[in-house]
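All residue numbers refer to positions in the sequence shown, counting from 1. Everything numeric in this text was worked out from a predicted model, so none of it was measured.
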Amino acid sequence: MKIKNAFTTRSIRNRIIIVSKLTGFLLVISYMVSTRLPFHPDIALLLWLGFVILLVLGLDYLMGRFISKPVSRLNRAACRMARLDFSAPCAVDTGDELEELSASLNKMAENLQQAFAALEEANRKLEQDVDRKQRLLTERKELSDNLSHEMKTPLSVIRAYAEGLQDEQNESRRQAYSQVIIRETERMSGLITTLLDLSALENGAVVLLPERFDFVEFLETVAGRLLLDMPDTDFELQYELPKQPVYVEADKGRMEQVLDNLIVNAKKNVRPDGILKLSLQKNGSTLDFSVYNEGAPIPPETLPKIWTKFYRDRDAAYSGSGLGLAIVAQILSMQQFPYGAANREDGVVFYFSVPTAK
């Protein structure tokens with residue numbers, strides 16, 4: 001085995017030894033042959049020198065092919081890697097230690113690429129964490145400021161009526177004061193509950209649970225509860241619904257929140273004796289919902305703001321928490337359902353689309 005390894009050409013050392021010994025042997029043989037040629041000694045010497053030159057050129061070619069060029073390729077590859085350029089692998093196919101070194105360099109480059117990719121991913125996540133923490137701090141401050149502003153009015157009302165309740169002797173007025181205190185307390189409780197729900201949705205603490213259900217029947221049930229069971233309605237209800245069931249896959253509980261907020265919003269904004277229209281249309285693989293209320297239009301510069309937390313139209317004829325449409329936008333965005341609002345002739349329409357299920 002040692003003898004076989006000594007004569008193998010898969011080693012640079014063995015190749016150099018074999019070539020050097022073969023070169024020496026050829027020089028000796030060629031010189032001996034040249035001295036015995038039937039020519040003048042000077043001519044024989046010239047012939048031998050010509051052979052030596054050819055032998056040196058051949059040796060130079062072999063050394064360049066098997067040593068110099070591969071080493072140059074390795075050097076260029078190492079320089080590229082030193083510049084963190086891993087775009088081109090080192091290609092050396094000599095069948096010896098240089099090829100093994102080339103493979104090792106390529107493996108090192110691959111490992112470095114993976115390490116840099118992992119480092120970049122870690123940096124990206126770190127930046128996201130920093131941004132998220134900064135955003136949370138901003139949201140926390142915004143929440144604190146908004147809560148302070150929103151709670152100021154009901155707390156002032158509660159305090160005023162509580163003080164009046166202490167000094168009031170008339171029983172009917174005491175009852176009226178108590179009702180005001182209860183109403184304002186419920187308002188604060190509802191505001192806090194809604195705000196916590198919205199925060200949970202925004203922070204990803206809530207997991208949506210999609211299920212397959214008939215949206216036509218679902219809308220009829222929700223709209224009936226909100227619109228038909230009210231004896232004091234002062235608007236004209238119109239609706240346009242498919243006659244056949246249309247199934248969708250969505251979070252049913254959250255979609256009920258969406259419909260509740262949009263329909264109640266339309267009901268609060270419809271003008272007396274005006275039209276409130278619900279529409280549900282199937283367009284190919286999409287189910288389009290809209291609710292229209294006849295009434296004052298939304299100023300164009302205000303339309304993009306209505307989905308923002310705590311935004312309220314100062315000219316609106318009713319008061320609200322300013323969270324309903326923000327919850328609608330968050331729920332629909334989480335399910336990637338397109339939505340929007342637009343002014344129509346004599347009114348406003350809110351809409352969204354849901355992909356139909358098979």
Side-chain angles (χ1 to χ4, degrees), residues 194 197-198 201-202 208 215-216 218-228 230 233-243 246 248-252 254-356:
T194 304
D197 188 30
L198 178 58
L201 288 168
E202 290 177 336
L208 298 182
F215 202 89
V216 179
F218 175 64
L219 175 59
E220 289 176 341
T221 302
V222 175
R225 171 172 54 81
L226 296 174
L227 300 175
L228 300 181
M230 302 295 178
T233 55
D234 57 351
F235 56 85
E236 178 186 347
L237 176 62
Q238 297 181 1
Y239 57 89
E240 183 181 2
L241 306 178
K243 296 181 180 180
V246 180
V248 300
E249 190 165 342
D251 189 308
K252 192 172 183 180
R254 292 296 176 178
M255 292 307 295
E256 185 172 355
Q257 278 185 279
V258 170
L259 292 180
D260 281 351
N261 282 296
L262 292 181
I263 293 174
V264 169
N265 180 74
K267 182 181 175 182
K268 289 181 177 179
N269 282 279
V270 63
R271 66 165 55 107
D273 299 324
I275 296 173
L276 192 156
K277 182 178 179 180
L278 297 174
S279 176
L280 200 60
Q281 295 182 344
K282 187 176 184 299
N283 294 317
S285 60
T286 302
L287 186 63
D288 299 329
F289 166 84
S290 67
V291 54
Y292 165 82
N293 66 271
E294 194 174 12
I298 301 175
E301 65 275 9
T302 301
L303 270 174
K305 304 176 184 177
I306 61 176
W307 310 102
T308 307
K309 275 188 303 188
F310 291 109
Y311 179 79
R312 287 175 296 194
D313 187 357
R314 295 179 180 178
D315 299 326
Y318 66 92
S319 61
S321 66
L323 296 175
L325 292 180
I327 286 182
V328 168
Q330 184 64 33
I331 292 173
L332 294 176
S333 297
M334 290 175 68
Q335 299 178 99
Q336 298 182 349
F337 297 162
Y339 64 91
N343 289 315
R344 295 288 184 263
E345 185 178 358
D346 298 328
V348 180
V349 62
F350 286 80
Y351 57 87
F352 64 82
S353 299
V354 184
T356 57

*For Phe337, ring pair (Phe, Tyr, Trp, His ring centres under 6.0 Å) partners two or more places apart*: none
*Any chance CD of Gln336 has more than 12 other-residue heavy atoms, nucleotides or ligands included, within less than 6.0 Å?*
no
*Ignoring hydrogens and geometry, is there a side-chain-to-backbone donor-acceptor pair from Gln335 to Asp251 under 3.5 Å?*
yes
*Does a side-chain heavy-atom distance below 4.5 Å link Leu303 with Asn343?*
yes
*asked:* Please identify which of these residues, Leu287, Leu262, Asp288, meets the side chain to side chain contact (heavy atoms under 4.5 Å, CB included) condition with Phe352.
replied: Leu262
_Separation between CZ of Phe289 and CG of Leu332, rounded to the nearest 0.5 Å_ = 10.0 Å
*Mind listing the closest non-hydrogen atom pair of Ala329 and Tyr339 along with its distance?*
CB-OH, 3.4 Å
*Does a salt bridge link Arg271 with Asp346, judged by any charged N lying under 4.0 Å from a carboxylate O?*
no
*Consider only side-chain N and O atoms of Asn293 and Asn269, and report whether a donor and an acceptor are under 3.5 Å apart.*
no
*Could you give the distance from CG (Leu280) to CZ (Phe218), rounded to the nearest 0.5 Å?*
11.0 Å
_Side-chain donor or acceptor of Glu240 paired with backbone N/O of Ser279 under 3.5 Å_ = no
_Rounded distance (nearest 0.5 Å) linking atom CG of Leu323 with atom CG of Asp197_ = 10.0 Å
_If I take atom CG from residue Asn261 and atom CD1 from residue Ile331, how far apart are they, to the nearest 0.5 angstrom?_
7.5 Å
_Could you check whether any side-chain heavy atom of Val328 comes within less than 4.5 Å of a side-chain heavy atom of Phe350, counting everything from C-beta outward?_
no
*Looking at CG of Asp273 and CD of Glu236, how far apart are the two atoms once the value is rounded to the nearest 0.5 Å?*
9.5 Å
_For Ser290 versus Val349, what's the shortest heavy-atom pair and its separation?_
CB-CG2, 3.7 Å
*Considering non-hydrogen atoms only, spot the tightest contact between Tyr292 and Glu345 and give its length.*
OH-O, 3.1 Å
*Closest approach of Arg254 and Gln257, non-hydrogen atoms and distance?*
NH1-OE1, 2.6 Å
